[in-house]
Amino acid sequence: MKTAAIFYQREGYDTSGKRIMGRQAAGEGFLKALARYGSAESLYCFTPNHTEFEEFQRQVHPWLTRKQRIKWIPNLPALREVGTLYKPDVQINRLAWARRYTELGTYSLCGITHTLASQEAMAIVGDLLIAPIQPWDALICTSIAAKTTIEQLLETWADYLEQRLGSRPPVTINLPVIPLGVDCDTFPQGQTAKDIRHQLRQQWGIEPDDLVVLFVGRLIFHAKAHPLPLYLAIERAAQATNKKVHLIQAGWFEDQQQELMFKQCAALFCPSANPIFIDSRQPQLRQNIWTIGSVADIFISLADNIQETFGLTPIEAMAAGLPVVVADWNGYRETVRHEVDGLRIPTLMSPPGCGLDFAASYYTNSLNYSTYIGHVSLMTAVDVDACTQALTTLFTQPELRQRLGENGRQRARSTYDWRGIIAAYENLWQDLAEKRTQAATSASGMAEIPHPLCDDPCRQYAHYPTQVLSPDQMLSLGSMATPESLQRLRHIGMTNFGANMRSPTAIIEQVLATIAQEGCLTVEAILNRYAGSDSEARTYLSRTLVYLVKFDSLRLAKATPNKNNTT
């Protein structure tokens, strides 16, 4: 099937909170696009909680453009109907282990990369080497940069495992590169964009001939882009061209200290530009922050942080028709064509070995994540002179700005529009289904021990008890087998605990009635009569029998069974 069930937890697809992260914006954009442009007849939601399924329905309903059924997948075995489970992060390793408790070939797993710099993300990626990942699973890489990071991490981890264990585990997971997308139709165009530009420029006191440089993203120096190279380059370009420049920084501050530092640095190092800070969490801007893009002449993002892997805002800026100036860094290097859609500014990083002490301190929790990536960002430089030259050129050449902006607009629509990206997702899911089908024979059945570190407790601790319930054991009635005693057991919380995981009351009453009539029965005879060949029913009844022994409703008998009681 060219579709997937969406692993839904609202936090991964919601930008209504106070802390809007890139992965949430990407998740919300993906879900909206799947509802609008997905080709499947049904939209599937996987969540064990019906309340979250209702939230899913409420969230996607306004985005549906045709009559699609919204179907609930409440558990992993039910994924057989869909064939693929999509999770909006890299955490598919635990899902792979969970799948081993069912049939391996029932469905595929599909995750996606976002930040890869944290210990947690790296541990999850490393675990892909030993988790039961199958050739019909995939981890989507949003950029070649992200894929390279994962490949390098898997290689170095495999090297260690080979040195440690003498064997090198194979890499079985697919790592397709599919970028994040934008909905180009939502960006102001033509006369609408001109009207917005005129209105907001008047509102903010920006003259028609003034230049506006725009940055969109979190305003946080240690986790996104240090603002000082930006301020220095704008100041020097403004002075060199004698242009009146306004710098709009649209985003949100992590805290008051960050806000104070940003504003102090802007005043100190970029006094020639008029600083405008806009909180992108304002209700009127949440749905489309890029309405303010119509005000701008140039978009700029000098990302210098290792937690970046793709960078969505330059693509959004291109969709808005803006020429972009970006750091030659991670995913930006793939999305922005130098001197075609914009200008890429060279970056410099300290050589290998310079950050090992930071890594050690981070691993031992002497440094928290924010401090760790902050230190690394200060070992990364963006060429201020090159940025100054780029801005100077764009400040003085409106025709170049227009040409780069139009090229970027066309590239955004042809390469990054969600229509095409969703089609790429669906083609991937179809490919995984075909691989799964081809491997159906080898993938059939369930592993005897699904997870060595989380096995069936009745097997893992079978050496604890005196004996284990066995087919040839005889069971007879105990003193608590009376209807009155059983009723009392059902009305006390501690004795009725877990009733839904045992055989129903009707089966229990039939078993006890039969034993009362025949004196005693073997365990095998009881299972055959009241559970048959149904494996789940036999499991439920087996633990029900021990439960009844626990509270003396049944007892282990020493009597010899009748011939009729052995089957």
Side-chain angles (χ1 to χ4, degrees), residues 1-8 30-31 33-35 37-48 68-113 124-125 127-142 147 150-151 154 169-178 419-451 533-536:
M1 292 180 67
K2 296 180 70 171
T3 190
I6 304 304
F7 189 109
Y8 184 75
F30 161 78
L31 188 56
L34 184 65
Y37 308 125
S39 62
E41 293 182 357
S42 298
L43 194 59
Y44 296 91
C45 170
F46 170 82
T47 173
Q68 285 177 286
R69 291 177 297 173
I70 302 177
K71 302 187 71 173
W72 182 34
I73 304 295
N75 53 58
L76 292 173
L79 286 167
R80 181 186 298 274
E81 177 184 350
V82 191
T84 300
L85 176 61
Y86 172 80
K87 197 168 190 298
D89 53 44
V90 298
Q91 299 183 56
I92 61 172
N93 53 337
R94 288 182 63 85
L95 291 172
W97 284 112
R99 183 175 54 192
R100 277 173 60 92
Y101 292 93
T102 59
E103 299 238 358
L104 280 178
T106 304
Y107 54 91
S108 297
L109 298 171
C110 180
I112 188 170
T113 61
I124 291 166
V125 172
D127 191 43
L128 295 177
L129 277 179
I130 59 173
I133 297 296
Q134 302 299 325
W136 50 89
D137 298 329
L139 180 62
I140 295 172
C141 301
T142 56
K147 181 177 181 177
I150 290 175
E151 289 176 334
L154 292 176
V171 178
T172 57
I173 192 167
N174 299 283
L175 297 172
V177 177
I178 303 178
R419 289 178 178 84
I421 301 300
I422 290 298
Y425 273 80
E426 291 183 334
N427 290 336
L428 169 64
W429 295 335
Q430 179 67 32
D431 179 61
L432 297 181
E434 292 172 359
K435 289 180 178 179
R436 193 173 65 250
T437 301
Q438 293 169 4
T441 302
S442 61
S444 62
M446 174 181 152
E448 181 182 359
I449 301 179
H451 197 311
S533 60
D534 187 321
S535 60
E536 183 178 273

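None of these values were measured; they are calculated from a predicted model.
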Practice task
For residues Ile92 and Ile133, determine if any side-chain heavy atom of one lies less than 4.5 Å from a side-chain heavy atom of the other.
Solution key: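 SC-SC contact between Ile92 and Ile133 confirmed.
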
Handout entry: Close side-chain approach of Tyr107 and Leu76, heavy atoms under 4.5 Å
Key =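 The answer is yes; the side chains approach within 4.5 Å.
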
Handout entry: Arg80/Glu103 under side-chain contact (heavy atoms from CB on, under 4.5 Å): CA gap, chis, key distance, verdict
Key = CA-CA 10 Å; Arg80 181 186 298 274; Glu103 299 238 358; 4.2 Å; yes

For [X] and [Y], which heavy atoms make the closest approach, and how far apart are they?
{"X": "Thr84", "Y": "Cys110", "result": "CG2-CB, 4.1 Å"}
{"X": "Thr47", "Y": "Trp72", "result": "O-NE1, 2.6 Å"}
{"X": "Pro77", "Y": "Thr102", "result": "CG-CG2, 3.7 Å"}
{"X": "Trp136", "Y": "Ser108", "result": "O-OG, 2.7 Å"}

Problem - Residues in side-chain hydrogen bond (donor to acceptor under 3.5 Å, both in side chains) contact with Asp534, at least two apart in sequence or another chain - result: none

Exercise for the section: Applying ring-ring contact (aromatic ring centres under 6.0 Å, His included) between Tyr86 and each of Phe7, Phe30, Phe46, report the one that passes. Expected result: Phe30

Handout entry: Glu41 atom CD, neighbour heavy-atom count above 12 within 6.0 Å
Key = no

Practice task
Tell me, yes or no, whether the heavy-atom count around Arg419 atom CZ, taken from other residues, nucleotides or ligands under 6.0 Å, exceeds 12.
Solution key: yes

Practice task
Check whether any side-chain N or O of Arg100 sits under 3.5 Å from a backbone N or O of Pro132 as a donor-acceptor pair, and report yes or no.
Solution key: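 A pair under 3.5 Å: no.
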
Exercise for the section: Could you tell me whether a side-chain N or O of Asp431 sits under 3.5 Å from a main-chain N or O of Asn427, the two making a donor and an acceptor? Expected result: no

Practice task
Sequence neighbours left out, what passes side-chain contact (heavy atoms from CB on, under 4.5 Å) with Pro169? Give chain and number order.
Solution key: Leu129, Leu161

Exercise for the section: Scan for salt bridge (charged side-chain N to carboxylate O under 4.0 Å, His left out) pairs involving residues 127-142, sequence neighbours excluded, and state none if there are none. Expected result: Arg99-Asp137

